[in-house]
Peer 1: 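Sharing a structure here in structure tokens format.
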There are 2 protein chains.
Amino acid sequence: MEKRNTKQKSLVRKIVRDLNTHACAEEIYNRVIKVNPRISLATVYRILHEMVDTNELREVANGSGATVFDPTVHPHYHIQCIKCNQLFDIDLPYHENLDKEIREKTSFSILSHDLTFKGVCARCTPKN
Amino acid sequence: MEKRNTKQKSLVRKIVRDLNTHACAEEIYNRVIKVNPRISLATVYRILHEMVDTNELREVANGSGATVFDPTVHPHYHIQCIKCNQLFDIDLPYHENLDKEIREKTSFSILSHDLTFKGVCARCTPKN
DNA sequence: ATTTATGCAAACTATTTGCATTGCC
DNA sequence: GGCAATGCAAATAGTTTGCATAAAT
């Protein structure tokens with residue numbers, strides 16, 4: 001199962017690297033077809049999944065249906081606005097102690113944890 | 001918009017109360033139709049959402065497509081097996097300090113956080 | 001009697017897949 | 001040349017919606 005480099009792959013990789021936020025497959029696809037209008041959505045999905053498998057990209061459930069992709073792959077936390085559903089990275093160190101805390105309480109072998117704060121973002125906060 | 005009590009609603013409520021785990025809409029529907037085979041899936045969805053709105057039920061994204069419903073509504077954490085995807089409640093007190101920690105770092109108004117541990121459950125751990 | 005809730009089928013959204021064809025290595 | 005990757009369209013999964021009818025208040 002040798003992997004080949006194609007123009008589609010390099011294009012999607014470039015678009016993903018240039019993302020400064022999270023984006024869903026459709027959004028990435030839209031940026032991609034601005035450069036190469038002949039690439040298909042199925043191909044974009046296939047490449048994104050390959051990147052997730054090789055740890056070039058992270059997949060994050062955004063709670064409301066769609067999956068979003070996060071170009072930041074090292075462990076980090078998220079914060080999501082409960083009004084507009086936008087998801088942001090948050091600058092808080094990964095709390096290893098939480099994993100340790102759980103290891104003593106369960107028969108699971110714990111690998112990691114996902115932490116997402118919920119709140120209302122500045123833009124969605126009514127000003128008066 | 002007055003709410004009415006129907007046999008469908010009481011049945012779904014009973015089934016949900018008797019759940020001792022998380023279950024997706026389809027699973028709840030399957031239990032429901034064992035008692036009343038004439039109830040439709042759309043109705044089950046409508047009732048489940050109503051229960052989520054009234055805080056009788058919690059909705060949890062299980063990461064892999066389907067949404068699962070959790071009859072435990074007070075704040076609590078989850079642990080999910082990365083092999084079988086099953087989601088369990090976990091017995092760890094809610095860490096209020098995490099919300100506090102974030103409040104100082106962001107322009108969001110923080111309400112709460114979701115914490116899900118990832119690992120391999122006992123059943124999916126190969127024994128030798 | 002009024003008006004919400006239901007059942008059904010169709011619509012929809014996000015994603016995946018089969019397959020013939022293209023194009024890397 | 002051979003086999004992986006692509007494009008397309010169709011299939012799938014989960015969920016939602018429109019509308020005529022049934023049932024709760």
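Protein chains get the first letters and strands the later ones, always in sequence-line order, with residue 1 at the start of each.
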Peer 1: Could you pull out all residues at least two apart from B:Phe108 that satisfy ring-ring contact (aromatic ring centres under 6.0 Å, His included)?
Peer 2: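 A:Phe88.
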Peer 1: Using atom OH of B:Tyr45 as one end and atom C1' of C:dG7 as the other, report the distance to the nearest whole Å.
Peer 2: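 The answer, rounded to whole Å, is 16 Å.
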Peer 1: Atom CE of B:Met51 and atom C1' of C:dA5: how far apart are they, to the nearest Å?
Peer 2: 16 Å
Peer 1: Would you say B:His49 places a side-chain N or O within less than 4.0 Å of OP1 or OP2 belonging to D:dT15?
Peer 2: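 Answer no for this pair, as no side-chain N or O of B:His49 is under 4.0 Å from OP1 or OP2.
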Peer 1: Using whole Å, what does the distance between atom P of nucleotide D:dT25 and atom NZ of B:Lys9 come to?
Peer 2: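 Atom NZ in B:Lys9 sits about 9 Å away from atom P in D:dT25.
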Peer 1: Are OP1 or OP2 of C:dA14 and a side-chain N or O of A:Thr67 less than 4.0 angstrom apart?
Peer 2: no
Peer 1: If I take atom CG in residue B:Leu11 and atom C1' in nucleotide C:dA5, what distance separates them, rounded to the nearest angstrom?
Peer 2: 15 Å
Peer 1: Between the protein and nucleotides 17-19 of chain D, which nitrogen or oxygen pairs come in under 3.5 angstrom?
Peer 2:
none

Peer 1: Is the ring pair B:His113/B:Tyr94 parallel, tilted or perpendicular, if the boundaries are 30 and 60 degrees?
Peer 2: parallel
Peer 1: Please list, in numerical order, the residues of residues 15-41 of chain A that have a heavy atom closer than 4.0 Å to any atom of DNA chain D.
Peer 2: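 Residues of residues 15-41 of chain A that come under 4.0 Å of DNA chain D are, in numerical order, A:Arg38, A:Ile39, A:Ser40.
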Peer 1: Who are the side-chain hydrogen bond (donor to acceptor under 3.5 Å, both in side chains) partners of B:Ser107, not counting sequence neighbours?
Peer 2: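 None.
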Peer 1: Roughly, in whole Å, what's the span from CD in B:Glu59 to C1' in D:dT16?
Peer 2: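 That distance rounds to 13 Å.
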Peer 1: Does B:Glu56 have any side-chain hydrogen bond (donor to acceptor under 3.5 Å, both in side chains) partners at least two apart in sequence or in another chain, and if so, which?
Peer 2: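 Here the qualifying residues are B:Arg13, B:Thr54.
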Peer 1: Using the test side-chain hydrogen bond (donor to acceptor under 3.5 Å, both in side chains), find all partners of A:Thr43 that sit at least two apart in sequence or belong to another chain.
Peer 2: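 Result, side-chain hydrogen bond (donor to acceptor under 3.5 Å, both in side chains) vs A:Thr43: A:Ser40.
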Peer 1: Find the distance A:Glu50:CD to C:dT16:P and express it as a whole number of Å.
Peer 2: 14 Å
Peer 1: In the hydrophobic clustering (ILVMFWY, side-chain contacts below 4.5 Å, transitive), which residues join A:Val120, or is it alone?
Peer 2: A:Ile82, B:Leu111
Peer 1: Test question: given the 4.5 Å side-chain rule for I, L, V, M, F, W and Y, name all other residues clustered with A:Val68, or answer none.
Peer 2: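 Other cluster members: A:Val60, A:Leu87.
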Peer 1: Scan for ring pair (Phe, Tyr, Trp, His ring centres under 6.0 Å) pairs involving residues 7-27 of chain A, sequence neighbours excluded, and state none if there are none.
Peer 2: A:His22-A:His78
Peer 1: Between the two end axes of the helix from C:dA1-D:dT25 to C:dC25-D:dG1, each built from 5 base pairs, what angle do you get to the nearest 10°?
Peer 2: 30°
Peer 1: Would you kindly give the CG-to-P distance between A:Asp53 and D:dA4, to the nearest whole Å?
Peer 2: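 Atom-to-atom, A:Asp53 to D:dA4, this comes out as 16 Å.
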Peer 1: Among Ile, Leu, Val, Met, Phe, Trp and Tyr joined by side-chain contacts under 4.5 Å, find the other residues sharing a cluster with A:Val73 and list them by chain and number.
Peer 2: none
Peer 1: Pull out every protein N or O sitting under 3.5 Å from an N or O of nucleotides 22-25 of chain C, one pair per line with the distance.
Peer 2:
unit_1	atom_1	unit_2	atom_2	d
C:dG23	N2	A:Arg4	NH1	2.5
C:dC24	O3'	A:Asn5	O	3.1
C:dC24	O2	A:Arg4	NH1	2.9
C:dC25	OP1	A:Asn5	N	3.0

